[in-house]
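All values reported here derive from a predicted model rather than from experimental measurement. Below, chains carry the letters A, B, ... as their sequence lines are ordered, and counting in each starts from 1.
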There are 2 protein chains.
Amino acid sequence: MSSQPVSAPTRREQILREAARLFAERGFHGVGVDEIGAAVGISGPGLYRHFAGKDAMLAELLVGISERLHDGGRTRMEEAAAAGLSPEAALDALIDGHIDFALDDRPLITLHDRELDRLRESDRKQVRKLQRQYVELWVGAVQAIYPELTQLEARVAVHTVFGLLNSTPHLSGSSALPDRETTAALLHRLARGALSAAPAGAAGAGARAKPQGSVRT
Amino acid sequence: MSSQPVSAPTRREQILREAARLFAERGFHGVGVDEIGAAVGISGPGLYRHFAGKDAMLAELLVGISERLHDGGRTRMEEAAAAGLSPEAALDALIDGHIDFALDDRPLITLHDRELDRLRESDRKQVRKLQRQYVELWVGAVQAIYPELTQLEARVAVHTVFGLLNSTPHLSGSSALPDRETTAALLHRLARGALSAAPAGAAGAGARAKPQGSVRT
DNA sequence: CCTTCAGGTTAACGCTCGCTAACCCGCCTG
DNA sequence: CAGGCGGGTTAGCGAGCGTTAACCTGAAGG
């Protein structure tokens, strides 16, 4: 919509990037506007030339990442459908897309599930809607492979896999990660492994998961 | 220290419980002392008869849960060793213990990986030490089953599985969970499935990786 | 050359919030 | 019955923080 075509890292974007980093590090309330300003070389109230307020920055960040996550997922699913890919390949594409986000935009991923309730009602509703749609994409992809899962089970499984993938930012501080490609591959295997074990019939890693009679909320 | 043996839900514990809930809901900085007081029926500064300050509450909460997590894990591992259980059963015990925490003490679990850096240096060091020891317990249990994993891979896998298990608090708000037992079993399968897929050799959907009859306790 | 305006600056206001001060009261205990 | 004392209360201080006001400046544009 009103997002500029972007060409060079404009000041607004600089501010958003630094704000995201700081918010993720110390929490929304834990960061002062002076700090954000200092991080981009201007001081304090200069930010108000670019944003209506601190809240507006958070809103733009959260809405932005929700949109990008959802758009990325939807695009991948459409491409998979167009290319006639298998359900497995489609799910793999979703996973890889999410991993890219988790590894490239760690601060945003952190914010995304940490500061949602600091938003104005309208913004929060929009973010939640996008999140829900994104989850539904995943649920659909998962159920295409494991049809024996109930809607509820699939949703829980998807949420927890998000938790798994989004936990990468956490361990950046304390322990070092392997190189990006190795990490991505490991995360992919872990996510896939978790989902493959979701059906009640599947023990550790069942290949065939017969419809088990016990399915019911 | 001067911690009493406790017997009935004393006022201190009431305060801690409510503080945990509020901190988890709105963040440490997002909750005022007046609110915490109101939650237990007293108002504002009355809290200072029980705690040195707001920081002290957070510190006690975080140190407390770290200790309980670690102690619980260590106890389970010792019992497993004493009973001569298989590595698989030992890991299952760890997973079940963590699931109990995640389901019973959601606010604390949330706090645990969200507000760690609001602590005084000494407290933070203690919490991190306990966390590290707890992680090492898991890493040991995992490597006993999957010796082909490097130390680093195992650590990453364990961290992400924590992310998976700890994500339950998140979806309590938006979507309802199945009953506790069903949820616990599902979480167990997901965690086990993720770990079983950690070794690079294991294919995504895991056709192999030994079927494990891992039943809950 | 004068104007405009984007993008800064510093000063200051007002509110919130953690915490302290001062006071109070019911209940044991000697 | 006196007197601690545990556990409250309200009033208020002081710091921090988001935000606004007022002012400045350098570069485009007619």
Counting any heavy atom closer than 4.0 Å, what does V40(B) reach on the DNA or RNA strands: base, sugar-phosphate only, or nothing? nothing
Do the side chains of E25(B) and R21(B) get close enough for a salt bridge, i.e. N-O under 4.0 angstrom? yes
To the nearest 0.5 Å, tell me how far F101(A) CZ sits from H112(A) NE2. 9.5 Å
When we call it a touch if two heavy atoms are under 4.0 Å apart, what does G46(B) touch: a base, just sugar-phosphate, or nothing? base
Taking any atom under 4.0 angstrom from a heavy atom of chain A, which nucleotides of DNA chain D are the first and last to qualify, 5' to 3'? dG18(D) to dC23(D)
Toward the 5' end of DNA chain C, by each residue's nearest nucleotide, R49(B) or F28(B): F28(B)
Select base, sugar-phosphate, or nothing to describe what G53(B) touches, counting heavy atoms under 4.0 Å on all strands. sugar-phosphate
Are R17(A) and D105(A) within salt-bridge range, i.e. N to O under 4.0 Å? no
So, R76(A) and E79(A), do they make that salt bridge, N to O below 4.0 Å? no
Can you tell me how far apart CG (L187(A)) and OG1 (T160(B)) are? Round to the nearest 0.5 Å. 6.5 Å
Whichever of G44(B) and G32(A) has its nearest DNA chain D nucleotide further upstream toward 5': G44(B)
Salt bridge (charged side-chain N to carboxylate O under 4.0 Å, His left out) between R74(B) and E78(B): does it pass, once the steps are laid out? CA-CA 6 Å; R74(B) 204 198 39 197; E78(B) 284 168 1; 3.8 Å; yes
Basic-acidic side-chain contact under 4.0 Å: R180(B), D104(B): yes
Walking along DNA chain C from 5' to 3', note the first and the last nucleotide with an atom under 4.0 Å from a heavy atom of chain A, and give both. dG7(C) to dA11(C)
5'-most contact on DNA chain D (nearest-nucleotide basis), G30(A) vs P45(A), goes to G30(A)
Do R12(B) and T10(B) have side-chain atoms, one donor and one acceptor, less than 3.5 Å apart? no
